[in-house]
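Structure, as structure tokens:
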Amino acid sequence: MADTLSGGCACGAVRYETEADPVVMLNCHCRDCQRAGGGGYGAFVIVPQAALRLQGEPRYYKTVGDAGRAVERGFCATCGSPVTAKLERLPEVIGLLAAGLDDPSRFKPAMDLFTQSAWPWDHMHPATQKLPRGLS
Ligand SMILES: [Zn+2]
Ligand SMILES: [Zn+2]
């Protein structure tokens with residue numbers, strides 16, 4: 001039985017919730033996630049997009065990754081918090097930034113992606129699956 005997963009940005013202009021079970025939880029160490037989040041990686045809870053109720057309108061910034069596929073990262077236009085990420089190749093899901101969850105302790109990453117662009121100061125949990133690039 002799924003619990004409600006909820007969260008949002010720092011100022012509350014963007015809020016979301018879903019009862020769906022996450023598809024996967026992961027850390028992405030690609031350069032775009034590093035720049036968008038200001039840290040070593042982006043921590044994402046991936047959920048079915050159709051099951052997500054979103055209040056407020058994130059502003060989206062689109063980047064095209066090494067594989068030529070676009071990622072749109074949503075952030076609050078008022079406070080700047082990153083909140084969501086949409087993947088062109090996986091339109092049925094949406095990523096939620098783990099730090100934006102109301103209870104971030106529910107984030108349990110199973111894998112680390114794009115470890116080829118991780119930095120020596122970015123230590124990873126030994127138990128996660130490590131992929132040098134994205135999900136192929
Ligand atoms: Zn905000
Ligand atoms: Zn990334």
Side-chain angles (χ1 to χ4, degrees):
M1 205 170 81
D3 297 320
T4 300
L5 197 66
S6 62
C9 67
C11 77
V14 178
R15 293 285 306 164
Y16 55 75
E17 59 179 18
T18 182
E19 277 79 42
D21 288 322
V23 178
V24 67
M25 302 191 200
L26 56 84
N27 298 318
C28 183
H29 303 257
C30 81
R31 292 290 289 132
D32 290 327
C33 283
Q34 291 171 0
R35 291 190 179 101
Y41 58 91
F44 295 99
V45 179
I46 311 295
V47 300
Q49 182 155 212
L52 188 73
R53 293 186 302 281
L54 196 60
Q55 290 176 2
E57 192 63 39
R59 183 177 296 177
Y60 280 92
Y61 181 72
K62 187 175 186 174
T63 56
V64 177
D66 293 342
R69 296 184 180 103
V71 179
E72 290 188 90
R73 290 179 180 76
F75 60 95
C76 174
T78 301
C79 70
S81 307
V83 282
T84 56
K86 295 183 196 173
L87 305 169
E88 182 181 61
R89 63 180 288 263
L90 294 170
E92 69 277 13
V93 298
I94 186 166
L96 306 171
L97 273 291
L101 297 176
D102 292 332
D103 180 8
S105 72
R106 292 177 65 181
F107 180 63
K108 295 182 173 62
M111 58 182 75
D112 286 278
L113 305 187
F114 287 96
T115 57
Q116 65 177 10
S117 49
W119 300 104
W121 44 263
D122 176 15
H123 293 283
M124 289 175 237
H125 195 292
T128 58
Q129 183 185 4
K130 308 289 188 298
L131 298 176
R133 298 177 60 83
L135 298 163
S136 54

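Whatever order the structure lists them in is the order used to number ligands and atoms, beginning at 1. Remember, predicted model here, so these are calculated numbers, not experimental data. All residue numbers in this chain count up from 1 along the given sequence.
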Inset, instruction - Determine how many protein N/O/S atoms sit closer than 2.8 Å to the Zn ion (ligand 1), leaving waters out since they are not shown. - result: 4

Legend entry - Test item: side-chain donor near acceptor, Tyr16 and Thr84, under 3.5 Å: no

Legend entry - N-O pairing of Arg53 and Glu17 below 4.0 Å: yes

Inset, instruction - Could I get the full list of salt bridge (Lys or Arg N to Asp or Glu O under 4.0 Å) partners for Arg15, not counting sequence neighbours? - result: Asp102

Legend entry - pair Leu26-Pro109: side-chain heavy atoms closer than 4.5 Å: no

Inset, instruction - Would you mind reporting whether Val23 and Val47 have side-chain heavy atoms less than 4.5 Å apart? - result: no

Legend entry - Single hit among Lys130, Gln34, Arg133, Arg31 for side chain to side chain contact (heavy atoms under 4.5 Å, CB included) with Phe114: Arg133

Legend entry - Interatomic spacing from CG in Leu87 to CD1 in Ile94 - rounded to 0.5 Å: 9.0 Å

Legend entry - Pairs meeting criterion ring pair (Phe, Tyr, Trp, His ring centres under 6.0 Å) with involvement of residues 71-101, two or more places apart: none

Inset, instruction - Would you list the protein N, O or S atoms within less than 2.8 Å of the Zn ion (ligand 2), leaving out water? - result: Cys28 SG, Cys30 SG, Cys33 SG

Inset, instruction - Determine whether Leu97 and Phe44 make a side-chain contact, defined as any pair of heavy atoms from C-beta on separated by less than 4.5 Å. - result: yes

